Amino acid sequence: MKYISTRGDRTERGFCDILLEGLAPDGGLYLPVAYPKVDDATLTRWRGLSYAELAFEVLSLYIDDIPADDLRRLVSKTYTAEVFGSEAIVPVRKLGESGLWIEALSNGPTLAFKDMAMQLLGNLFEYELGRRGEELNILGATSGDTGSAAEYAMRGKQGVRVFMLSPNGRMSPFQQAQMFSLQDANIHNIAVEGVFDDAQDIVKAVSNDLAFKRKYKIGTVNSINWARLLAQVVYYFAGYFQVTSKNTEQVSFTVPSGNFGNVCAGHVARMMGLPVKHLVVATNENDVLDEFFRTGSYRVRQGAETHETSSPSMDISKASNFERFVYDLLGRDGERTRHLFHTEISRAGAFTLTGAESGRIGSFGFQSGRSTHVDRLNTIRSTYERFGSLVDTHTADGVKVALERVEAGVPMIVLETALPAKFAETIREAVGVEPERPAGLGDIESLPKRFTVMQPDTDLVKAFVARHCD
Ligand SMILES: *Cc1c(COP(=O)(O)O)cnc(C)c1O
């Protein structure tokens, strides 16, 4: 399989060429030249597979520059019951007779769905860097989930160091403890005296210094990475097989969304032929995506318009993977995609599709809805009382929207993107109970911490990176 950019550069690159890269050189995102189609016989064969075997089957349709035996080994080392808590890896549970199912993507080391892809990325990076005899220094900024998932995926890996900036004192005590308690020599936590945007600005400034970037082999692991998206395609198949018994049945998915990475993987699975009726995008108060699916207008929010909510991992001002879907929606017209995402967004911070363009959205199965803090509290409470199931704040946004969209005869699978233990404060507010923590995490706040506090100064961060690379 070869990969091209969404902005018109049709140079074909292999999977391993784009594995360690972010944006395509023309500023677009990478997508496969075509989606491989999965027929009925293949679906039937895949039904009986373990998660790791299924992951190998899906990935090998997209990766032809890693020998099959190596890929099989990397995948089976990634998706184990030890790391993800059960043989099913992504077990489903039914919410009574509501028509809703919850698919748990959040039983990895950091209790959020980003582990599903990041754990694989860690093993792919180590493998590819080893093959090339190269090193990579991952520099990132986090307000919580992405940074910890990256650190738990890269800890102890050969050839990789992680430098993760976070706003000092602004993450929850649990999130801080998760990250700062890591003692691995290749993991560096930098707590910046400032807010998330200060940390993000430093990462951008360092990445814009091309000489520094090249000399110190700076890379990222953000959600636009194609390998992350691809790893996520697998659990749409795994969820489908768990709630259906034959391939003629359709299901829908509701996905708590921020950067559109998770639901974009659902779009890819559907394009491959998985019988998905609807892909329901659930947002919180940061509703740029819900607005798009209702109106056909995409309007990037300003900093001041971006709300801090109780589902913080969905607090986004723009959806960085969204361009991938729009490219497909526009019949893969790279010029038009470039015009909208480059010209229009730079000029006006927004674009509106033509009537003919937005008329096609329905045929891609997309629907949307939004949720607020009050909805979140009510949904956590009612899901607990009616079904005896405690869900986290992000998943609650999904359940709220899913209940509005569920149809008779079509199972609605809500993706559980984090465990309640990660967002204990809102859980207590909603139901007055303390969410249970998985074994081993009972008292992580009291573990010794390893981190460096720093003024928000790009030169200080560069000096720190340089010092730890020699
Ligand atoms: C990252 C994240 C999301 C949003 O996923 P996107 O791929 O950015 O749409 C939702 N919930 C949780 C818990 C997350 O960590």
Side-chain angles (χ1 to χ4, degrees), residues 29 90 102-119 121 140-153 171-172 174-175 178-179 196 221-233 235-236 253-269 279-290 292-293 306 309-325 366 368-371 376 379-380 391-402 414-424 426-427 435:
L29 304 181
V90 290
I102 303 274
E103 181 177 359
L105 308 181
S106 43
N107 294 325
T110 73
L111 317 186
F113 92 96
K114 294 193 173 61
D115 290 328
M116 293 301 304
M118 208 71 94
Q119 287 287 316
L121 203 66
T142 190
S143 51
D145 286 348
T146 306
S148 57
E151 292 188 352
Y152 279 77
M171 290 189 296
S172 74
F174 182 85
Q175 285 177 317
Q178 256 189 335
M179 290 177 56
F196 171 72
V221 287
N222 44 28
S223 78
I224 58 166
N225 181 290
W226 167 255
R228 273 182 70 179
L229 204 139
L230 177 58
Q232 294 169 181
V233 173
Y235 53 68
Y236 284 87
F253 286 91
T254 298
V255 186
S257 294
N259 275 317
F260 205 78
N262 197 353
V263 75
C264 195
H267 163 67
V268 172
L279 289 164
V280 185
V281 177
T283 76
N284 64 16
E285 292 88 335
N286 297 291
D287 56 359
V288 29
L289 289 169
D290 180 46
F292 171 81
F293 286 107
T306 309
T309 75
S310 46
S311 44
S313 300
M314 292 155 60
D315 293 349
I316 51 104
S317 53
K318 62 181 179 58
S320 49
N321 273 287
F322 184 53
E323 182 170 336
R324 288 193 159 109
F325 165 65
F366 276 94
S368 72
R370 82 192 278 273
S371 167
R376 209 164 290 135
T379 306
I380 292 170
V391 293
D392 98 290
T393 53
H394 307 77
T395 311
D397 290 334
V399 169
K400 187 264 179 186
V401 173
V414 180
L415 299 185
E416 179 174 54
T417 56
L419 287 192
K422 258 193 131 157
F423 302 95
T426 311
I427 301 297

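Each ligand, and each atom within it, is numbered from 1 in the order the structure gives. All values derive from a computational prediction rather than experimental measurement.
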- prompt: Is a donor on one side and an acceptor on the other found under 3.5 Å between the side chain of N259 and the backbone of G261?
  reply: no
field: side chain to side chain donor-acceptor pair (under 3.5 Å) partners for R228, two or more places apart
entry: none
- prompt: Under the side chain to side chain donor-acceptor pair (under 3.5 Å) test, which residues partner S317, sequence neighbours left out?
  reply: none
query: Can you find a pair of side-chain heavy atoms, one from F366 and one from L289, that are under 4.5 Å apart?
result: no
message: With heavy-atom distances below 4.5 Å as the criterion, would you say the side chains of R324 and W226 are in contact?
response: yes
- line: By ring pair (Phe, Tyr, Trp, His ring centres under 6.0 Å), F322 pairs with (sequence neighbours left out) F260, F292, Y298
Protein N/O near ligand 1 N/O, under 3.5 Å, which pairs?
unit_1, atom_1, unit_2, atom_2, d
ligand 1, 7 (O), G261, N, 3.2
ligand 1, 7 (O), N262, N, 2.9
ligand 1, 8 (O), N259, N, 2.7
ligand 1, 9 (O), G258, N, 2.7
ligand 1, 9 (O), N259, N, 3.2
ligand 1, 9 (O), F260, N, 3.1
ligand 1, 11 (N), T417, OG1, 2.9
ligand 1, 15 (O), K114, NZ, 2.6
ligand 1, 15 (O), D145, OD2, 2.6

